[in-house]
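Worksheet: one structure, shown below.
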Amino acid sequence: MTKNDDIPTVRQTLHDRGICVLIPTYNNIGSIRAVVEDAQLYCADVIVVDDGSTDGTTELLQTIKGITLVAYRQNHGKGYALKTGFRAALQAGFSYAITMDADGQHLAKDIPAFLHANQQWPGALIVGSRRLEGKERSGGSKFANSFSNFWFAVQTFHVLDDTQTGFRLYPLKKLKGLRWLTSRYEAELELLVFASWHGVKIRSIPVDVYYPPREERVSHFRPAIDFTRISILNILLCLLSVVYGLPLCLWRGAMTVLRTVGTLLFFLFFMVLVITPLTWLYVHCGRMTERKKWNIHLLIYRAARVVVLHIGIPGTTFRDKISPDYDPQCPSVYICNHQSHLDLICLLALTPRMIFLTNNWVWHNPLYGFLIHHAEYYPASEGLEALMPRFRSLVERGYSIAIFPEGTRSKDLRVDRFHQGAFHVAKELGIDIVPMYLYGTGRCLRKKTYHLCRTPLYLEVGGPWSQERLQQLGGVREQTRWFHHQYVRHIEAINNRIEQDV
């Protein structure tokens, strides 16, 4: 449960991420005020769609301050109300909508759980799986949920525990099938099916549920009519899955495999047959000079720019933002968050005057280890104290040193704890710290995966931090802690900004 002190932070974070709460309602005069006001405790942006209420709900909603009210006279059904609400949210500039039922079944205290899930799985459709153990439910309700779960698994080959819940977080710009969306109760199942077919990740989180006494419950579910509608819809979706859903999934999977295989073959060809042989010949023709070392760096830099800016990583778009105060000629310690194998090639396209610390497997790699050695990259396992004389020599020759303060790639794409090494090196050498922020590489190629996903890649290079400015933060430990917090906030801000464009 969220502490009261955390509620303002939740409200601000929801607003910053473009998340609103959407509540469709029809004749819920007894519960709607409490539902809306509870939602407003956690979210400042609440949209209520009044689906033609006739019991005074409309007049009551008009007295509630701070909401966006969308109302129309004729009742069209929950599917129509959701569609209307989604359009209103998109027009207002929101990227996500958390939907809640107006009967009080869903508890606003679970809204922070949806926020956390959205931060963990941005772009996913989050389904609130109700904790139904011990709840008094009718036999029809139990059957409806099991019936819906079964057909969803048949149509999408995915299993969800609760496909009937209306407590969900929708990525608005990824919603598919709205044009054909049914207008009634069964629309929520249709939204799940179309999302799955179009590759939208669907994640489930546990949420609490409240069922009032039977005599106080307000339900617009009509067992005979609505079961018939759901059955007809499931028959149509099963037929559609054969001619549309399954082929679409197979096509998307095949394209992912082709992108990955194509990239791998290109990389192997480029490294094994072009870069490494040419570098070997160049190094062994005559003695190694400073000019030769510089030319090797230029080769790596130009190859990286060809891949990132001209050929492109399949399925991605690359954007960068560079501070006007950044000077690639000034030796500095570059720091950057670490998400993927792709981080290195994106950073190498920035400047040829950059030296990296590598892992042992990169240092000993049979494909490009030879190139790494002669480019004067060094294995981090040697230790910073042992490497410091080499760093000093590189800085004197005009090179900068790039270090990932996290040390290893993040598993869940969050910014892991920073180590102090980069700040210690900068202090010992008396040079600036230049922060760089990478977004998207971890989603394109995740840790312990071997396929590429479509996503934008974003690189931001900040202005330099001089030693005088760094010392205002405190010692090395305080600097490390401050920059870690800064990276957590800044990567989150980049994530929000890019999602607004997706």
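A 4.5 Å side-chain heavy-atom check between Ile98 and Leu22 finds every atom pair outside the cut-off. Contact of the Lys427 side chain with the Gln467 side chain is registered, since non-hydrogen atoms from C-beta on lie closer than 4.5 Å. For the pair Arg392/Leu429, a side-chain contact is recorded, criterion being any heavy-atom separation below 4.5 Å from C-beta on. The shortest side-chain heavy-atom distance between Ser393 and Tyr399 does not fall under the 4.5 Å cut-off. The side-chain heavy atoms of Pro464 and Asp327, taken from C-beta on, include no pair separated by under 4.5 Å. Side-chain contact between Leu384 and Leu357: present, with at least one pair of heavy atoms (C-beta onward) separated by less than 4.5 Å. Under the 4.5 Å side-chain criterion, counting only non-hydrogen atoms from C-beta, Phe194 is not in contact with Leu189. Using a 4.5 Å cut-off on side-chain heavy atoms (C-beta onward), Leu82 and Phe86 make contact.
When all heavy atoms of Leu172 and Ala89 are compared, the closest pair comes out as CD1-CB, 3.6 Å. The heavy-atom pair separating Pro435 from Gly463 by the smallest distance is CD-O, 3.4 Å. Counting all heavy atoms, side chain and backbone alike, Ile126 lies closest to Ala117 at CG2-CB, 3.9 Å. For Gly407 against His419, the heavy-atom pair with the smallest separation is N-CD2, 4.2 Å. Minimum heavy-atom separation, Ile431 to Pro331: CB-O, 3.7 Å. Of all the heavy atoms in Val159 and Ala153, the pair that sits closest is CG2-CB, 4.5 Å.
Applying the salt bridge (Lys or Arg N to Asp or Glu O under 4.0 Å) test to residues at least two apart or on different chains, the pairs with a partner in residues 393-404 are Glu290-Arg397, Glu376-Arg397.
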Decide side-chain contact (heavy atoms from CB on, under 4.5 Å) for His297 and Met354; before the verdict, give the C-alpha distance in whole Å, the side-chain angles of both, and the deciding distance to 0.1 Å. CA-CA 8 Å; His297 284 285; Met354 186 184 298; over 6 Å; no
Start with the C-alpha gap between Asp45 and Thr68, add the side-chain angles, then the distance that decides, and say whether side-chain contact (heavy atoms from CB on, under 4.5 Å) holds. CA-CA 8 Å; Asp45 306 296; Thr68 299; over 6 Å; no
Please assess Thr99 against Ile23 for the test side-chain contact (heavy atoms from CB on, under 4.5 Å), listing each intermediate value before the final yes or no. CA-CA 6 Å; Thr99 58; Ile23 305 173; over 6 Å; no
Can you check side-chain contact (heavy atoms from CB on, under 4.5 Å) on Asp16 and Gln12, steps first, answer last? CA-CA 6 Å; Asp16 291 343; Gln12 186 60 49; 2.8 Å; yes
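Ser332 places a side-chain N or O within donor-acceptor distance of the main-chain N or O of Cys330, the cut-off being under 3.5 Å. Although no hydrogens or angles enter the test, the distance criterion places no donor-acceptor pair under 3.5 Å between the side chain of Ser129 and the main chain of Ile205. Looking only at distances, no side-chain donor or acceptor of Trp294 sits under 3.5 Å from a matching main-chain atom of Arg353. Checking side-chain atoms of His198 against main-chain N and O of Val193 turns up no donor-acceptor pair under 3.5 Å. Remark: side-chain polar atoms of Asp162 are paired, donor with acceptor, to backbone N or O of Thr165 under 3.5 angstrom. Using a distance-only test at 3.5 Å, with no hydrogens or angles considered, a donor-acceptor pair links the side chain of Asn149 to the main chain of Asp161.
Aromatic rings from Tyr170 and Tyr96 are positioned such that their centres are separated by 6.0 Å or more. Between Phe356 and Tyr378, a ring centre-to-centre spacing not shorter than 6.0 Å is recorded. Here Tyr458 and Tyr437 keep their ring centres 6.0 angstrom or further from each other.
Between Asp343 and Thr441, the side chains place a donor N or O and an acceptor N or O closer than 3.5 Å (distance only, hydrogens not considered). Using modelled atom types and a 3.5 Å distance limit, the side chains of Glu460 and His490 yield a donor-acceptor pair. When only modelled atom types and interatomic distance are considered, Ser466 and Asp432 share no side-chain donor-acceptor pair under 3.5 Å.
Of the inter-residue distances, the one linking Cys43 atom SG with Met100 atom CE reads 10.0 Å to the nearest 0.5 angstrom. Note that the CG atom of Leu192 and the OG1 atom of Thr156 stand 8.5 Å from one another [nearest 0.5 Å]. Taken to the nearest 0.5 Å, the CD atom of Gln40 stands 10.5 Å off from the CD1 atom of Ile111. Rounding to the nearest 0.5 Å gives a distance of 4.0 Å between CD1 of Ile491 and CG of Asn337. The CD1 atom of Ile401 lies 13.5 Å from the CD1 atom of Ile335; values are rounded to the nearest 0.5 Å. Note: Ser323 OG to Met436 CE = 13.0 Å, rounded to the nearest 0.5 Å.
Of the options Asp208, Asp38, Asp6, a salt bridge (Lys or Arg N to Asp or Glu O under 4.0 Å) to Lys109 is made by Asp208 and by none of the others. The ring-ring contact (aromatic ring centres under 6.0 Å, His included) test with Phe114 singles out one residue from Trp121, Phe167, Tyr42, and that residue is Phe167.
Taking a cutoff of 4.0 Å between a charged side-chain nitrogen and a carboxylate oxygen, Glu188 and Arg168 do not qualify as a salt bridge.
Applying the 6.0 Å contact sphere to NZ of Lys292 captures more than 12 heavy atoms from other residues, nucleotides or ligands.
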Expected list for residues 473-483: side-chain donor-acceptor pairs under 3.5 angstrom, two or more places apart:
from	atom 1	to	atom 2	distance (Å)
Glu478	OE1	Gly475	N	2.9
Gln479	NE2	Leu470	O	3.4
Gln479	NE2	Gly474	O	3.1
Thr480	OG1	Val476	O	2.8

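Using bins of under 30°, 30° to 60° and over 60° for the plane-to-plane angle, the ring pair Phe418/His484 lands in the perpendicular bin.
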